There are 4 protein chains.
Amino acid sequence: MKLSEKRLLNKKEQILISAIKIVNQKGFQNTTMEEVAAELLMTKGSLYYYFKNKEDLLFQCHKLVLSRAIEELQAHIDEETTYENRLRKMIKTHIDYAIEEKETFNIIIKPSETFSGTKLEPILEIRRTYAGYFYRVIKDGISAKEFKNDEPKIVSMFLLGSMNWLQQWYNPAGKKSKEEIQDIYAEYILKILK
Amino acid sequence: MKLSEKRLLNKKEQILISAIKIVNQKGFQNTTMEEVAAELLMTKGSLYYYFKNKEDLLFQCHKLVLSRAIEELQAHIDEETTYENRLRKMIKTHIDYAIEEKETFNIIIKPSETFSGTKLEPILEIRRTYAGYFYRVIKDGISAKEFKNDEPKIVSMFLLGSMNWLQQWYNPAGKKSKEEIQDIYAEYILKILK
Amino acid sequence: MKLSEKRLLNKKEQILISAIKIVNQKGFQNTTMEEVAAELLMTKGSLYYYFKNKEDLLFQCHKLVLSRAIEELQAHIDEETTYENRLRKMIKTHIDYAIEEKETFNIIIKPSETFSGTKLEPILEIRRTYAGYFYRVIKDGISAKEFKNDEPKIVSMFLLGSMNWLQQWYNPAGKKSKEEIQDIYAEYILKILK
Amino acid sequence: MKLSEKRLLNKKEQILISAIKIVNQKGFQNTTMEEVAAELLMTKGSLYYYFKNKEDLLFQCHKLVLSRAIEELQAHIDEETTYENRLRKMIKTHIDYAIEEKETFNIIIKPSETFSGTKLEPILEIRRTYAGYFYRVIKDGISAKEFKNDEPKIVSMFLLGSMNWLQQWYNPAGKKSKEEIQDIYAEYILKILK
DNA sequence: TATGAATGAGATTTCATTCAT
DNA sequence: CATGAATGAAATCTCATTCAT
């Protein structure tokens, strides 16, 4: 890769990071190109040098966040340890993202309201990939007789749903720390898997 | 109540029902006043006779659906039967709404993205009330020694989250019927409560 | 037709007339919705109440002008007189429009630069209809042995081209009056038809 | 001329040739600097080294095509043969350009819509020069008693118009070949000149 | 010379909201 | 009560142009 291409990529990522920040504050629909640009001390027009349109920008935000999360999940899956351990770590990771990156991580939730046509399917695909990691570890844990359950797909969705919901009610200043929550969620799901 | 007021109420409800339909198809942010009006063979302008503004209309949609669901939950809670039975019926009800009334019932979306200022707190209040029903039945079940768990709040949220997520992946044409799903979800949550 | 519909149509036509005026001054691409609105003492937004988008507005401008011209041609064709006479009158009419309504009449010329996709074909269709009148009168004149020529299609295009070109060089303040030009053009084409 | 100036000229011409290609595809107004640059595997910015601005670029495109055509016309005029022959060849040439170089050659477009201020007059001047060749040959043919007509200016415009219009309807895949058309057009104009 | 990046002005479009009738 | 019409603010997007490197 040429230096200039690298620089372009860097800038693009910089923009994405800013955009993610704004989107996490204001939500998707309420984020304007103007605001994203302002955050970067750029002008609207410049954004269009890097991204085809708003949908494209949002799409790449989502992709960036999810792909980062996926990397972490992958690392956990690759560890040589019990399936329980892997699952626990994956839960930790997911909850971190769900709480910290709220909105961007969240297109996960209603992509069809944000994306239309061509971009929707890729988004859904990434989402499926992501969910697949949870499915995998549960399924493999079952095969390895470490877990016991007949519906790995449903369990994984059950888990994902309960974790995604956290953003709605979890209060960092509340009684339970994030870590405690992470442990409790792991405990609960393991009860289902026994 | 005078007849005219009654008629007003009827018309209002009619509008809400149409609005709910559209919102369930298009999502909150993507529903325009025009579309709601069109569905009712009215014009945009007329809607403003019944509702102060769009936010108000959406607010009342949300409220209507939630209050209907709350009535059902109340009925289940009032039954003279085991807590397990009550919880099972409540899960059934919630899943019915979550799947059928997708958007309007949709408690997932950050209300702060749709509602601003004066309407936000009332919305959150209704939601808390709603969630309270699940909290209540779990807490009481614990007090009655039917369930066993130290974190009724967290369990109820865990449950709500997993159910709300259903809209994202549940496919009516898929392998599992809605009824099977309802049973499985009840089973899982009961495992946590034992 | 209801009164309200009539009023709508009236207003639409009023807008079209203003738009035609602006377009004739500035050309298609250089006419902005803002300007059209300003001419009518309206705001941009209001135009969108009457027309779906800019292309639609321009399309209807074109249609209006052409359909008026077509009416006149039709009247000439229907007269009970020699084909030569009919053709002479049609030439008169066309030249009047070509000189007076320059631009709007002119989308005739490069519709593909102004219209895209769905609107292009209808435009071409109207254009074909229009040109068809000249073809008809020539063809019929030949059948009636009043004219003599083997290529009515080509003659009609030859004629239309020469007339459309008038806008490029005709100067109302020049030596020849519009009426003289109209006669000369008729003379020339009749020479070809003998 | 220094070598560097020569190189500059070459590059300029290269750019013009590419630009002409694009303009012929997309039309004057719809051609963007970006597209022209892309065709040359250059970047927008570079174009500004060679041309002051877009108008300048388009101007020179138009000029280049017209001046090439003019050269050919000149050659035909200079031949020692009948005026009829000269005129026939000029018609051939013009029709070739009108059909092949559609847009850039396009004399139909109102230059005032594309060119403003300083560039407009030069454009009109070239066009007049171009048209002048047809005027000349007709006028001289009349003086030489080979043609007979009192309005050489009008005849030449009549001819030019009919030929320019060809781009609007001529279909290479149609019944008549380009050569046949060229003959027919010559025939028609000669009828007028006799 | 050439380029990559940024700019900014302006154009189109959308839509909640208002209001006279 | 209902509507048709108008509004205006804001958002997206385009593109010619500039300029430091």
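A, B, ... follow the sequence lines: proteins, then strands. Residue 1 opens every chain. Because the structure is predicted, anything quoted here is derived from the model rather than measured.
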*Report the nucleotide, chosen from E:dA6, F:dA2, E:dA5, that has the shortest atom-to-atom distance to any side-chain atom of B:K11.*
F:dA2
_Pairwise 5' ranking along DNA chain F for C:T43 and B:M42, keeping only the more 5' one_ = B:M42
*Taking only residues two or more places apart in sequence or in another chain, which ones pass side-chain hydrogen bond (donor to acceptor under 3.5 Å, both in side chains) with D:N24?*
D:E101, D:T104
*Just say parallel, tilted or perpendicular for the rings of B:F28 and B:F115, cut-offs at 30° and 60°.*
perpendicular
*Find the distance B:Q14:CD to F:dC1:C1' and express it as a whole number of Å.*
14 Å
*For the pair made of CZ in A:R7 and P in E:dA6, what is the distance, rounded to whole Å?*
11 Å
_Measure CD/C:E5 against P/F:dT3 and give the value in whole Å, please._
15 Å
*asked:* Could you tell me if C:K12 sits above the aromatic ring of C:Y50, with its cationic atom closer than 6.0 Å to the ring centre and no more than 45 degrees from the axis?
replied: no
_Set of residues satisfying side-chain hydrogen bond (donor to acceptor under 3.5 Å, both in side chains) with respect to B:S67, sequence neighbours excluded_ = none
*Quick one: what's the B/S/- string for nucleotides 13-21 of chain E, heavy-atom cutoff under 4.0 Å, read 5' to 3'?*
BBSBBB---
*Excluding sequence neighbours, so at least two apart, what forms salt bridge (Lys or Arg N to Asp or Glu O under 4.0 Å) with C:K63?*
none
*Is a salt bridge present between C:K44 and C:E34, judged by a nitrogen-to-oxygen distance below 4.0 Å?*
yes
*asked:* Tell me the interatomic distance from D:L58, atom CG, to F:dC15, atom C1', rounded to whole angstroms.
replied: 13 Å
*Spatial distance of atom CD (A:E121) from atom CZ (A:R127) [nearest 0.5 Å]*: 10.5 Å
*Results of side-chain hydrogen bond (donor to acceptor under 3.5 Å, both in side chains) for D:K26 - residues two or more places apart only*: D:E35
_Over 12 non-hydrogen atoms of neighbours within 6.0 angstrom of NZ in D:K21_ = no
*For DNA chain E, the dot-bracket pattern of Watson-Crick and G-U pairs whose distances stay under 3.5 Å, | for other-strand partners*: .||||||||||||||||||||
*Taking atom P of E:dG4 as reference, at what distance in whole Å does atom OH of A:Y50 sit?*
11 Å
*Check the distance between F:dA2's C1' and B:L40's CG and give it to me in whole angstrom.*
13 Å
*Between atom CG in A:L9 and atom P in E:dG4, what is the gap in whole Å?*
15 Å
*Look at C:Y49 and F:dA6 and indicate whether a side-chain polar atom (N or O) is within less than 4.0 Å of OP1 or OP2.*
no
*Write down the distance between CZ (A:F51) and P (F:dT12), rounded to a whole number of angstrom.*
15 Å
